[in-house]
Amino acid sequence: MKEIIAENYSIFFNDNGYDALTYHLKSYNYSKIFIHLDTNTNKYCLNVLLNKVKINDFETIISKDGENYKNIESCMLLWEKLSLLGADRKSLIINLGGGVVGDMGGFIASTFKRGIDFINIPTTLLSMVDASIGGKTGIDLGVLKNQIGTFYDPKMVIIDSTYLKTLSQTEIRSGYAEIFKHSLISDIELFQRLIFESNNNVLYNDKVIKGSIKIKNDIVLIDKKENKERKALNFGHTLGHAIESFFLKSEKRLLHGEAIGIGMILSSYISHKLFDFNSTNLDLIKNHILNVYKKINFSKMEISKIIELLKHDKKNSHGNINFILLREIGVPVYDIQVDSKMIVDSFEYYNN
Ligand code: GLY
């Protein structure tokens with residue numbers, strides 16, 4: 001499988017990735033190599049990596065698993081550990097894990113000694129098709145996601161679907177939301193194929209993963225700093241993030257993909273109302289997402305609290321709630337302000 005070229009790095013697939021990593025380690029002669037893991041990937045993925053590639057003399061740095069630990073306290077522990085273990089400006093961090101490991105590992109790499117090299121080896125579907133690509137690093141601020149961060153590219157990304165064998169179906173479904181989103185913002189044929197394949201219980205394969213990464217990479221190549229086109233990647237996320245944050249500490253807690261799935265239904269409804277987005281496609285999207293994810297019922301009180309939370313979303317500017325909507329599949333519209341009444345209506349469309 002051929003690699004995908006990003007702005008300052010390449011995205012390699014399967015064994016090509018490990019060959020590229022071996023070559024990279026030889027040519028860069030790093031002073032120290034740190035493999036950043038969480039408690040899960042330490043248990044299930046590190047041995048997979050070490051069976052595929054020989055890495056001499058590395059140390060592991062381990063974060064606690066989960067979004068709850070994607071914060072400055074975890075970063076402090078990682079920076080301290082790096083310092084204690086003698087990391088210097090010529091050290092390398094290899095992030096082996098999901099979005100939290102990649103985002104936080106990228107962030108500590110971008111700030112430690114004003115920036116050291118890092119490599120992403122994502123182990124979840126979600127981080128393969130989204131977080132590991134595009135040079136965003138970051139951590140959460142309380143329940144507000146990715147409020148603190150940098151743009152900082154890895155030296156390479158290695159995509160190996162072997163790691164997905166360690167994942168539950170629920171986690172696969174979580175990643176699938178971003179694959180589906182990529183189809184909605186850019187590719188009607190992929191949209192139709194995904195709906196067809198999911199009816200046959202196929203949520204991913206190597207071709208779908210690569211195609212999805214290519215869609216994201218092409219967008220990032222046009223607009224890395226998210227002035228316009230990259231905003232399309234936030235389709236479904238304005239409401240999705242607020243829903244995810246709202247339930248973060250409750251027993252109704254949702255996976256990222258579940259929340260984004262709901263966000264995409266709501267945004268498609270608003271697109272239909274404001275931009276005449278095709279109603280057949282709107283219903284197809286709703287049915288498809290509800291086929292993949294369980295349905296949540298939102299009370300009036302929950303809806304108004306979620307709308308409150310929206311005001312903190314990082315994609316808002318000048319105090320307005322900005323949405324990415326769709327004119328049609330593959331045709332996003334940017335920076336649309338939506339009033340609260342329309343948002344409430346979209347929840348009603350979801351609820352019914
Ligand atoms: N996950 C959205 C982006 O990378 O821009």
Side-chain angles (χ1 to χ4, degrees), residues 4-9 11 67 70 95 97-107 109-110 118 120 122-141 144-154 157 159 171 173-187 209-245 254-264 267 310 312-317 322-326 330 332-335:
I4 293 177
I5 312 291
E7 191 183 334
N8 299 309
Y9 62 98
I11 302 154
E67 186 79 29
K70 189 177 166 182
N95 292 316
V100 174
V101 168
D103 282 3
M104 191 157 70
F107 180 65
S110 76
F118 79 106
N120 278 336
T123 57
T124 63
L125 187 57
L126 181 56
S127 57
M128 286 180 190
V129 298
D130 191 12
S132 68
I133 313 295
K136 280 184 182 174
T137 81
I139 54 172
D140 300 340
L141 184 64
L144 302 175
K145 286 170 65 66
N146 299 326
Q147 298 286 298
I148 313 293
T150 54
F151 283 100
Y152 192 69
D153 279 333
V157 177
I159 305 292
E171 279 169 299
R173 280 201 294 273
S174 183
Y176 178 74
E178 301 295 342
I179 294 180
F180 190 55
K181 175 198 77 183
H182 287 160
S183 81
L184 291 179
I185 60 174
S186 72
D187 188 345
I209 294 174
K210 190 170 186 190
S212 195
I213 290 173
K214 187 168 176 337
I215 289 173
K216 173 157 184 183
N217 186 57
D218 285 349
I219 292 173
V220 173
L221 282 175
I222 298 169
D223 174 28
K224 180 170 180 175
K225 291 282 171 74
E226 203 170 306
N227 292 313
K228 183 181 170 200
E229 288 83 354
R230 187 170 183 161
K231 290 180 184 173
L233 293 168
N234 295 324
F235 179 71
H237 283 58
T238 304
L239 276 158
H241 273 165
I243 293 167
E244 189 180 4
S245 298
L254 299 176
L255 285 173
H256 178 71
E258 292 175 302
I260 298 312
I262 299 168
M264 289 193 287
S267 297
L310 273 178
H312 292 288
D313 191 282
K314 71 180 186 312
K315 287 171 282 299
N316 299 328
S317 58
N322 289 327
F323 278 73
I324 302 304
L325 298 174
L326 294 175
V333 263
Y334 305 91
D335 293 333

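Along the sequence shown, the residues carry numbers beginning at 1. First listed ligand is number 1; within each ligand, the first listed atom is number 1. Because the structure is predicted, anything quoted here is derived from the model rather than measured.
For ligand 1, none of its N or O atoms has an N or O atom of Lys181 under 3.5 Å away.
The closest donor-acceptor contact from the side chain of Ser183 to the backbone of Phe180 lies under 3.5 Å.
Between Lys216 and Glu178 no salt bridge is recorded (no basic side-chain N to carboxylate O distance below 4.0 Å). Salt bridge absent: Lys145 and Asp103 never bring a charged side-chain N and a carboxylate O closer than 4.0 Å.
At the shortest separation from atom 4 (O) of ligand 1 among protein heavy atoms lies Lys216 NZ, 2.6 Å. Regarding atom 1 (N) of ligand 1, its nearest protein heavy-atom neighbour is Asp130 OD1, 2.9 Å.
Within a 6.0 Å sphere centred on NZ of Lys224, heavy atoms belonging to other residues, nucleotides or ligands number more than 12.
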